Amino acid sequence: MTAYKSDFLKILSDRGFIYQTSDDAALDKLFDTETVTGYIGFDATATSLHAGSLIQIMMLHWMQQTGHRPITLMGGGTSMIGDPSLRDEARKLLTPDDIETNLVGIRQSFSSYLKFEEQGGNALMVNNADWLMDLNYVKFLRDVGQHFSVNRMLSFDSVKLRLDREQSLSFLEFNYMILQAYDFVELSKRYDCRIQMGGSDQWGNIINGIDLGRRMNNASLFALTSPLLTTSSGGKMGKSASGAVWLNADKLSVYDFWQYWRNTEDADVERFLKLYTTMPLDEIAKLGALQGAELNEAKKILATEVTALLHGREEADKASETARVTFAEGQTASDLPTISVPAAELDAGIGVLALMVQADLAKSNGEARRSIKGGAVKLNDQPVSDEKLMVDSSALVNDGALKLSFGKKRHVLVRKG
RNA sequence: GGAGGGAUUCCCGAGCGGUCAAAGGGGGCAGACUGUAAAUCUGCUGCAUAUGCUUCGGAGGUUCGAAUCCUCCUCCCUCCA
């Protein structure tokens with residue numbers, strides 16, 4: 001890596017965000033001398049983003065921190081079509097209303113990292129539905145389609161892999177890269193957006209946008225991609241016990257979010273500190289140098305810092321304290337994720353299996369039953385061996401709550417509600 | 001348009017009339033060991049439960065009995081036009 005002069009690229013490079021750029025020198029100069037507008041595209045297929053998108057979000061964050069203007073492009077238009085790659089028959093298409101709801105949810109987590117206009121910042125959130133939905137097919141083909149060579153499109157990895165593996169590739173999907181390229185050009189026209197960032201798998205698509213921009217408007221556009229993140233043992237980022245690591249608190253409690261980062265593998269701690277926190281690099285180096293069990297301290301800091309960025313310092317500290325009480329002292333902390341069971345139901349007694357499901361510790365009675373057989377379930381720290389066990393109000397020992405545990409790490413408090 | 005091949009549980013992939021809720025691997029979860037880590041080993045991995053129910057692209061049919069055979073449909077792939 002060359003030594004960058006611009007603050008933005010220097011930080012990104014030092015912290016491990018950069019995989020590839022389209023023109024190192026020119027890009028560096030651009031960021032060093034101008035206020036640059038850049039964007040990253042996101043799906044609008046769920047009401048929340050998850051940890052897998054966090055690296056992209058952090059890039060935008062740094063962009064704004066170093067004086068530039070980040071744009072989050074929501075794929076409202078492309079989400080309308082639905083991703084054809086998953087071939088389980090006709091996935092339910094998202095309605096405009098669904099997408100609108102999703103955008104609201106997603107915006108919520110973005111605002112932890114970026115300052116939008118109403119927060120006194122210059123960040124923008126735009127939706128590609130604004131220009132994609134009204135395209136005229138013939139006009140589009142003439143204006144845009146003429147610039148694409150199918151020969152070349154076929155040579156892109158995303159396409160080639162599919163063809164080589166004899167998997168089907170719909171025409172619709174084939175067109176995604178064109179739409180994405182068009183997005184870039186449209187943004188450059190509307191907002192003078194100069195750079196598109198994304199994961200390294202997006203390289204081909206971004207390059208297409210650059211070419212298209214040059215051909216249509218003689219614009220000079222840039223690409224920057226980040227490495228595709230996996231954990232050291234090869235797992236995908238953003239997955240955990242209960243599924244995706246959602247950013248919105250209503251989909252994943254702050255405590256569980258904290259726990260996700262707390263359980264980072266040793267080998268990933270330093271890398272993650274650089275990518276997902278804003279801590280100074282020299283401090284990170286110190287933490288990363290810790291060995292063996294001491295590394296656990298670094299993991300706690302990682303968890304708290306990442307959580308603080310998203311949910312605020314106060315919430316992060318609370319999660320950290322809850323974890324300390326739970327694990328270090330073996331006590332029952334009152335801030336563990338909590339569910340309420342109607343008083344009448346609890347007085348009458350409820351089966352453990354049902355309770356497990358209600359607490360979201362099992363997806364079905366069957367799964368709960370199996371976990372009990374496997375010795376994974378504890379009630380108030382006492383192993384549960386009888387799947388028919390009835391739980392009633394007498395189990396509320398800790399301050400009006402009972403603690404239901406699945407494995408060593410997942411605990412839920414049950415209260416009468 | 002012609003000829004052939006294929007669609008299996010989260011993924012890959014066996015099965016080719018009963019012993020199939022369906023081999024094996026991956027992934028995921030739990031247990032043991034640890035440091036709330038990794039690696040390793042073990043167990044679990046359709047739903048409900050006391051021998052019940054719903055699964056093998058879809059709809060019918062043959063049979064005591066079908067993921068397995070037949071018919072039609074849908075989608076995919078390869079070769080030829």
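Both backbone and side-chain heavy atoms feed into the values below; hydrogens, waters and symmetry mates do not. On a predicted model such as this, the values are computed, not experimentally measured, just so you know. Reminder, nothing fancy here: chain letters follow the sequence lines and each chain counts from 1.
- With B:G35, B:A38, B:A30 as the choices, the nucleotide that has an atom nearest any side-chain atom of A:D266 turns out to be B:G35.
- Distance A:K363 NZ to B:C10 C1': 10 Å, rounded to the nearest Å.
- Rounded to whole Å, the separation between the P atoms of B:U55 and B:U68 comes to 13 Å.
- Side-chain contact annotation: A:D256 with A:S253, donor-acceptor N/O pair under 3.5 Å present.
- In the region residues 323-330 of chain A, proximity to RNA chain B at under 4.0 angstrom, judged on heavy atoms, holds for A:A323, A:F327.
- At a cut-off of 3.5 Å, with distance as the only test, no side-chain donor of A:D7 or A:W62 sits close to an acceptor on the other residue.
- Between the CE atom of A:M356 and the P atom of B:C47 there is a distance of 13 Å, rounded to whole Å.
- At a threshold of 4.0 angstrom between heavy atoms, the contacts of A:K299 include nucleobase atoms, whether or not backbone atoms are also involved.
- Closest to the side chain of A:R369, from the set B:A37, B:U34, B:U49, is B:U49.
- When the nucleotides B:C29, B:A38, B:G35 are ranked by their closest atom to the side chain of A:E265, B:A38 comes out on top.
- In summary, the side chains of A:T307 and A:W261 do not present any donor paired with an acceptor at a separation below 3.5 Å, with no hydrogens or angles considered.
- Remark: the separation of the P atoms in B:C16 and B:U62 is 25 Å, to the nearest Å.
- Of the residues near RNA chain B, A:R262 and A:S371, the one whose nearest nucleotide (by heavy atom distance) lies more toward the 5' end is A:S371.
- A salt bridge between A:K416 and A:E345 is absent, with no side-chain N of the basic residue lying under 4.0 Å from a carboxylate O of the acidic one.
- Look at B:G35: it lacks any Watson-Crick or wobble partner with both distances under 3.5 angstrom.
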Polar-atom pairs under 3.5 Å, protein N or O versus N or O of nucleotides 21-25 of chain B: list them with distances, or write none.
none

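- Side-chain N/O atoms of A:K388 and base N/O atoms of B:U49 include no donor-acceptor pair closer than 3.5 Å.
- Side chain of A:T338 to backbone of A:L336: a donor-acceptor contact under 3.5 angstrom is found.
- The interatomic distance linking A:K373 (NZ) with B:A48 (C1') rounds to 12 Å, in whole Å.
- Considering only side-chain atoms of A:R370, the nucleotide from B:G31, B:C44, B:U36 that sits closest is B:C44.
- Remark: the A:N128 side chain and the A:Y182 side chain contain no N/O donor-acceptor pair separated by less than 3.5 Å.
- Taking the C1' atoms as reference points, B:U9 lies 16 Å from B:C44, given to the whole Å.
- A:Q259 contributes a side-chain N or O that forms a donor-acceptor pair with the base of B:U36 under 3.5 Å.
- For the P atom pair drawn from B:U51 and B:G4, the interatomic distance equals 48 Å after rounding to whole Å.
- When each of B:U36, B:G35, B:C33 is scored by its nearest atom to the side-chain atoms of A:K408, the top-ranked nucleotide is B:C33.
- To the nearest whole angstrom, the two C1' atoms, one in B:C20 and one in B:C53, are 16 Å apart.
- Checked against ring-ring contact (aromatic ring centres under 6.0 Å, His included), A:F31 has the following partners two or more places apart in sequence or in another chain: A:F8, A:H68.
- Considering only the side chain of A:N365, B:A48 comes nearest among B:G35, B:A48, B:U34.
- Separating the P atom of B:A66 from that of B:G61 is a span of 12 Å, rounded to the nearest Å.
- Residue A:S364 is classed as a sugar-phosphate contact, given heavy-atom separations below 4.0 Å to backbone atoms only.
- Put simply, CZ on A:R410 is 9 Å from P on B:C29, counting in whole angstrom units.
- Across the protein-nucleic acid pair, A:F406 atom CZ and B:U45 atom P stand 13 Å apart, rounded to whole Å.
- If you measure from atom CD1 of A:I372 to atom P of B:U49, you get 12 Å, rounded to the nearest angstrom.
- The existence of a salt bridge linking A:D381 and A:K378 is excluded, since no basic side-chain nitrogen approaches an acidic carboxylate oxygen closer than 4.0 Å.
- Residue pairs that meet the salt bridge (charged side-chain N to carboxylate O under 4.0 Å, His left out) test with at least one member in residues 273-291 of chain A, sequence neighbours left out, do not exist here.
- Across the strands present, B:C56 finds no partner; the criterion is a Watson-Crick or G-U wobble pair with both atom distances under 3.5 angstrom.
- Under the ring-ring contact (aromatic ring centres under 6.0 Å, His included) criterion, A:F116 pairs with no residue at all, not counting sequence neighbours.
- Checked by atom type, the side-chain pair A:Q196/A:Q202 shows no donor-acceptor distance below 3.5 Å.
- With salt bridges taken as basic N to acidic carboxylate O contacts below 4.0 Å, none links A:E265 and A:R271.
- Using a 4.0 Å cut-off on heavy atoms, none of the residues of residues 309-318 of chain A approach RNA chain B.
- Remark: the separation of the P atoms in B:C64 and B:U74 is 32 Å, to the nearest Å.
- Remark: B:C44 base-pairs with B:G28. Criterion, Watson-Crick or G-U wobble with two distances under 3.5 Å.
- Using a cut-off of 4.0 Å between Lys/Arg side-chain N and Asp/Glu carboxylate O, A:E321 and A:R324 are scored as salt-bridged.
- Without hydrogens or angle criteria, A:T277 side chain to A:V306 main chain gives no donor-acceptor distance under 3.5 Å.
- Checking the phosphate oxygens (OP1, OP2) of B:A37, a side-chain nitrogen or oxygen of A:K409 falls inside 4.0 Å.
- To the nearest angstrom, C1' of B:U49 lies 17 Å from CD of A:E367.
- Remark: the backbone N or O of A:R142 is paired with a side-chain donor or acceptor of A:Q146 at under 3.5 angstrom.
- Nucleotides B:U8 and B:A67, compared at atom C1', are 7 Å apart to the nearest Å.
- If you measure from atom CG of A:L295 to atom P of B:A37, you get 12 Å, rounded to the nearest angstrom.
- Shown here, B:A3 forms a base pair with B:U78; the pair counts as Watson-Crick or G-U wobble because both key distances fall under 3.5 Å.
- Base pairing of B:U19 is not made with any nucleotide, judged by Watson-Crick or G-U wobble geometry with both donor-acceptor distances under 3.5 Å.
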